[in-house]
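Here is how names work: the chains are called A, B, and so on, in the same order as the sequence lines, proteins then strands, and each is numbered from 1. Quick caveat: nothing in here was measured; it's all calculated off a predicted structure.
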2 protein chains.
Amino acid sequence: MALRYAILISLHEEAATGYEITKKFDQGMGFFWQASHQQIYLELKKMSDLGLVEFQHIEQDSKPDKKLYQITSQGIQALKDWLIQPVKTQTIKDSLLMKLYAGPLGSAQHLLDEVLRIKQEHVELLETFHAIEQEWFQNIDQQPLPYQYIYYTLRNGIHYVQSWLAWSEEVIPFLEKQAGAATR
Amino acid sequence: MALRYAILISLHEEAATGYEITKKFDQGMGFFWQASHQQIYLELKKMSDLGLVEFQHIEQDSKPDKKLYQITSQGIQALKDWLIQPVKTQTIKDSLLMKLYAGPLGSAQHLLDEVLRIKQEHVELLETFHAIEQEWFQNIDQQPLPYQYIYYTLRNGIHYVQSWLAWSEEVIPFLEKQAGAATR
DNA sequence: AAAATCATGTAAGCAGTTACATGATTAC
DNA sequence: GTAATCATGTAACTGCTTACATGATTTT
């Protein structure tokens, strides 16, 4: 049900089409919530039936028609109600850790390759996060309040990625040793 | 589908009943994979139909009958095949971050309470992890190889929890300031 | 007396993924 | 000519959660 509120938060910032919301989920919000266009279109329809959002048909030439959605006062209330619900503690579901746990039954070389690949992705993600921090969030306590809140979601991402990288520095030497031992 | 392989890994360690596997998921493996008893019983049945596991009926007096499951050679092969599949990069779905992103629309005090609550859970989890590390994984490079692999899944957990705690040290002062400003 | 432990399951429903479907326009 | 962008949707399926169901034994 959290997808519903992610969409409402997005529409509370500004009215948008399903297509535009989908793109937003690939960027900023995408760090802590993901959704496909199928899911988003379906949820928008449900929310429209419930009166949480409403839309205008916009005809375009040289481009397909679109539906511009905006949040209703009912939608704002539903969002506010949700914001004060307690959250469930996050659980981790990580199949890489499961494969590591299985240990010698698998291939150390394969695990090493996977860790290196994901490490590379995380290195790039960290660079992206740092670039965003530099560009958008300098002198954070002088920025508008909504920016300050968003800044801390970014900081969460930075800490998360850094912890993964720190761990990979521990596990890589171990896996290298195991992969080496297997081929000897 | 990863649940299937989590169960197979568990059964590869030792034969067990659905009930025992459920308990295992509340401990060690539970850090990186969770499953309810309903899901586990259902999956065991499917796997039994597929020949990946087999079971013996065991009658007990003063306790309900049980089914002791063990992995078959087919199951071991399926597990090995799965272990060398590439993993998808983990995505984060965290509704607390979403609520933080929504910022001034919500209540800073509520967010603060939630962060403090989850921080407390993480502090306790870190203590548990450190205790396990002390008790089971001292002189790690002299331990049996399967233990060494499992050790690195524990290390992942420690890094993860620590990064969350480090982040909470950043966000708590900010939320305290906002909560204070709102009541003044 | 109440709650926890042992032990297994069914059924309904929701959330999310994957596949399928269309079609014009614009950029490479 | 091929691929990407704009823009929306349906349908089938899988994975998971929540609720319901039973019942003896043991611990508090």
(message) Counting only heavy atoms and a strict 4.0 angstrom limit, can you tell me which residues of residues 78-93 of chain A come near DNA chain C?
(response) none
(request) Write down the distance between NZ (A/K23) and C1' (D/dC6), rounded to a whole number of angstrom. (result) 8 Å
(request) May I ask you to check whether A/E124 and A/Q120 show a side-chain donor-acceptor distance below 3.5 Å? (result) yes
(message) With a 6.0 Å cut-off on the ring centroids, do B/Y149 and A/F174 count as close?
(response) yes
(request) Check DNA chain D against residues 25-36 of chain A and give the residues with a non-hydrogen atom under 4.0 Å, in numerical order. (result) none
(request) Residues of residues 39-61 of chain B with any non-hydrogen atom less than 4.0 angstrom from an atom of DNA chain C: list those, numerically ordered, please. (result) B/Y41, B/K45, B/Q60
(request) Answer yes or no: is there a donor N or O on one side and an acceptor on the other, between the side chain of A/Q27 and the main chain of A/K24, under 3.5 Å? (result) no
(request) Keeping the roles fixed (side chain from B/K99, backbone from A/W82), state whether a donor-acceptor pair exists under 3.5 Å. (result) yes
(request) Hey, could you give me the CD1/CG distance between A/I21 and A/D26, rounded to the nearest 0.5 Å? (result) 12.5 Å
(request) Would you confirm whether A/E170, through its side chain, and B/R155, through its main-chain N or O, come within 3.5 Å as a donor-acceptor pair? (result) no
(request) May I have the distance from B/R4 (atom CZ) to D/dC16 (atom C1'), rounded to whole angstrom? (result) 15 Å
(request) Taking atom types as modelled, find out whether B/D81 and B/Q85 have a side-chain donor-acceptor pair closer than 3.5 angstrom. (result) no
(message) Using five base pairs at each end to define the local axes, how bent is the helix from C/dA1-D/dT28 to C/dC28-D/dG1, to the nearest 10°?
(response) 50°
(request) Provide the closest heavy-atom pair for A/L125 versus A/V161 in the form atom of the first, atom of the second, distance. (result) CD2-CG2, 3.8 Å
(message) Testing the basics here: between B/A6 and B/F25, what is the closest heavy-atom pair and its distance to 0.1 Å?
(response) CB-CZ, 3.6 Å
(request) Check for a donor-acceptor pair, side chain of A/E114 on one end and backbone N or O of B/V87 on the other, with a separation under 3.5 Å. (result) yes
(message) Using 0.5 Å steps for rounding, measure from the CE atom of A/M47 to the CG atom of A/L11.
(response) 6.5 Å
(request) Take the protein atom CE of A/M1 and the nucleotide atom P of D/dT18, then report the distance between them rounded to whole Å. (result) 13 Å
Would you list the protein and nucleotides 11-13 of chain D atom pairs, both N or O, that sit under 3.5 Å from each other?
none

(message) Can you confirm whether or not the ring centre of B/F129 sits under 6.0 Å from the ring centre of B/F31?
(response) yes
(message) Salt bridge check, A/E169 against A/K119: does any charged N sit closer than 4.0 Å to a carboxylate O?
(response) yes
(request) Give a yes or no on whether the backbone of B/I118 and the side-chain of B/H122 come within a donor-acceptor separation of less than 3.5 Å. (result) yes
(request) Can you tell me the distance, in whole Å, between the CD atom of A/E20 and the P atom of D/dA7? (result) 7 Å
(message) Within a 6.0 Å radius of atom NZ on B/K45, are there more than 12 heavy atoms belonging to other residues, nucleotides or ligands?
(response) no
(request) Check whether any side-chain N or O of A/Q34 sits under 3.5 Å from a backbone N or O of A/M29 as a donor-acceptor pair, and report yes or no. (result) no
(message) Quiz question: by atom type and distance under 3.5 Å, do the side chains of B/T72 and B/E54 form a donor-acceptor pair?
(response) no
(request) Rounded off to whole Å, could you give me the OH-to-P distance for the A/Y19 and D/dT5 pair? (result) 7 Å
(message) Could you tell me if B/Q109 and B/D113 have a donor-acceptor pair between their side chains, going purely by distance under 3.5 Å?
(response) yes
(request) Using a cut-off of strictly less than 4.0 Å between a heavy atom of the residue and any atom of DNA chain D, enumerate the qualifying residues of residues 62-69 of chain A by number. (result) A/K63, A/P64, A/D65, A/K66, A/K67
